[in-house]
Amino acid sequence: MNQPLAGYAPAPVTARMENHGNHMLKVAMQTGNDLLARVGSMVAYEGFIQYEPNPPAVRQIARDWITGEGAPLMKCSGDGLLYLADYGANVVVINLGGDAISVNATNLLAFDANLQWGVERVKGLAKFAGQGLWNTKISGQGWVALTSRGKPIVVDCGSGEDETYVDPDALVAWSPNLKVKGKRSFKAQSLIGRGSGEAYQMAFSGQGIVVVQPSEDSTDRLRIRG
C-alpha cells in the first residue's frame with residue numbers, strides 16, 4: 001500500500017514556507033511565529049495548531065478600509081506542519097527579505113503575521129477607475145504565499161525603458177515601487193474584465209517585477225471601492 005504512494009509523502013522541512021507540489025503550501029509552524037491565511041484554505045495539519053478567524057489585527061485594518069469590508073483571513077498559531085491550498089490553484093512562495101509586494105486580494109493565500117500590511121489605493125489609475133482601485137501591500141522580513149490560476153510568468157520590468165502591459169484580470173502581484181498607469185485600446189462601456197474586449201490594460205515601468213497568471217479571472221480583481 002505504501003510503495004505506490006511513496007512519491008506523495010511530505011518532504012523534510014527546509015524552510016518556513018515551501019511548495020508541496022505545485023498546488024499546495026507547506027508551512028513550518030512554531031509558537032510565537034503566527035501566520036495569517038485565507039479563511040478556508042487549511043487542508044491538513046500535523047501537531048497542535050489553533051485558528052482564529054477575523055482576528056483583532058484584521059478587524060483594525062478593516063475599519064480603515066473605505067467600505068468597511070473585512071479581509072477573509074484567519075490567524076494560525078501553534079507548533080507543527082500546516083498545509084494550505086485554494087481550489088487547486090498554483091502556489092507561489094516568496095521570501096520578502098525586507099522588500100515589499102502589492103497583491104490582489106484573491107491571490108493572497110498566506111503571510112507571516114509579523115509583516116507590515118494594509119490596503120492601499122493604486123496610484124495613477126484614478127481617471128480610469130473613477131473612485132479608485134485598491135490592493136494589499138505587504139512588506140518586511142518574512143514569507144508570503146500567492147496563488148495563480150495556472151503557472152504564472154514573472155516579468156522583470158528591467159531598467160524601465162519599456163513599459164509592461166497587463167490585463168487587470170490576469171494580474172497577480174507587482175513590486176509597489178513600479179510606476180503604474182492605465183491604457184485604453186479603444187472605447188468600451190466596461191473598463192475592467194472580459195467584457196471590456198481587452199480595452200483596458202495596466203502599464204508598469206521602472207525597476208521591479210510583475211506576476212501574471214494564465215487566466216483572466218474577473219472575480220474580485222483589484223477591488224473597486226468608493
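Starting from 1, each residue takes its place in the sequence as its number.
- Considering only residues two or more places apart in sequence or on other chains, Asn19 meets the side-chain contact (heavy atoms from CB on, under 4.5 Å) condition with Val91, Val93.
- Considering all non-hydrogen atoms of both residues, Gly140 and Leu96 come closest at O-CB, 3.4 Å.
- The two residues Gly208 and Ser175 make their nearest non-hydrogen contact at CA-OG, 3.5 Å.
- Val211 places none of its side-chain heavy atoms less than 4.5 Å from the side chain of Ser148.
- In this structure the side chain of Ile49 never reaches within 4.5 angstrom of the side chain of Met42, judged on heavy atoms.
- Sorted by first then second residue, the salt bridge (Lys or Arg N to Asp or Glu O under 4.0 Å) pairs that include residues 33-45, not counting sequence neighbours, number zero.
- From Leu36, atom CG reaches atom CE of Met74 across 10.0 Å, with rounding to the nearest 0.5 Å.
- Partners of Lys179 by side-chain contact (heavy atoms from CB on, under 4.5 Å), not counting sequence neighbours, listed by chain and number: Ser205.
- Pro168 approaches Asn104 most closely through the heavy-atom pair O-ND2, 4.4 Å.
- In this structure, the side chains of Trp174 and Cys157 stay at 4.5 Å or more apart for every pair of heavy atoms.
- The two atoms that bring Cys76 and Ala37 nearest to each other are SG-CB, 4.1 Å, heavy atoms only.
- Partners of Asn114 under the side-chain contact (heavy atoms from CB on, under 4.5 Å) rule, at least two apart in sequence or in another chain, are Asn33, Asp112.
- Within the 4.5 Å cutoff, side-chain heavy atoms of Val27 are placed close to those of Arg16.
- Grouped by direct or indirect side-chain proximity (heavy atoms under 4.5 Å, Ile/Leu/Val/Met/Phe/Trp/Tyr only), Tyr87 sits alone.
- Hydrophobic cluster membership is shared by Leu84 and Val39, with clusters built from Ile, Leu, Val, Met, Phe, Trp and Tyr side chains linked at under 4.5 angstrom.
- To the nearest 0.5 Å, the span separating NE2 on His20 from CG on Leu81 amounts to 11.0 Å.
- Closest non-hydrogen pair, Ala28 versus Val13, comes out as CB-CG1, 3.8 Å.
- A distance of 9.0 Å separates CD1 in Ile94 from CD1 in Ile138, rounded to the nearest 0.5 Å.
- In this structure the side chain of Lys137 never reaches within 4.5 angstrom of the side chain of Ile101, judged on heavy atoms.
- Every pair tested for salt bridge (Lys or Arg N to Asp or Glu O under 4.0 Å) that includes a residue from residues 87-102 fails, sequence neighbours excluded, so the list is empty.
- For the salt bridge (Lys or Arg N to Asp or Glu O under 4.0 Å) test, residues two or more places apart in sequence or in another chain that qualify with Glu52 are Lys75.
- Under a 3.5 Å cut-off, the side chain of Asn135 and the backbone N or O of Val103 do form a donor-acceptor pair.
- In terms of hydrophobic clustering, with Ile, Leu, Val, Met, Phe, Trp and Tyr side chains grouped at heavy-atom distances under 4.5 Å, Met24 and Leu146 are assigned to different clusters.
- Note on residues 79-91: pairs passing salt bridge (Lys or Arg N to Asp or Glu O under 4.0 Å), not counting sequence neighbours, are Asp86-Arg149.
- Atom CG of Leu35 is separated from atom CD of Gln30 by 12.5 Å, given to the nearest 0.5 angstrom.
- With rounding to the nearest 0.5 angstrom, the CD atom of Gln50 is 10.0 Å from the CE atom of Met29.
- Within the structure, salt bridge (Lys or Arg N to Asp or Glu O under 4.0 Å) contacts touching residues 17-32 (residues at least two apart or in different chains) are Glu18-Lys26.
- Val166 pairs by the side-chain contact (heavy atoms from CB on, under 4.5 Å) definition with Thr164, Leu171, Phe204, Val210, Val212, not counting sequence neighbours.
- Side chains of Ser102 and Leu178 form no contact here, defined as non-hydrogen atoms less than 4.5 Å apart.
- Applying the ring-ring contact (aromatic ring centres under 6.0 Å, His included) definition to pairs two or more places apart or across chains, those involving residues 94-114 are Phe111-Trp117.
- The cluster map of Ile, Leu, Val, Met, Phe, Trp and Tyr, joined by side-chain heavy atoms under 4.5 Å apart, puts Val154 and Leu108 in the same cluster.
- Applying the ring-ring contact (aromatic ring centres under 6.0 Å, His included) rule to Tyr51 yields the partners Tyr45; only residues at least two apart in sequence or on another chain are considered.
- At distances below 3.5 Å, at least one donor-acceptor pair connects side-chain atoms of Asn107 with backbone N or O atoms of Thr147.
- Closest non-hydrogen pair, Leu115 versus Gly142, comes out as CD2-N, 3.6 Å.
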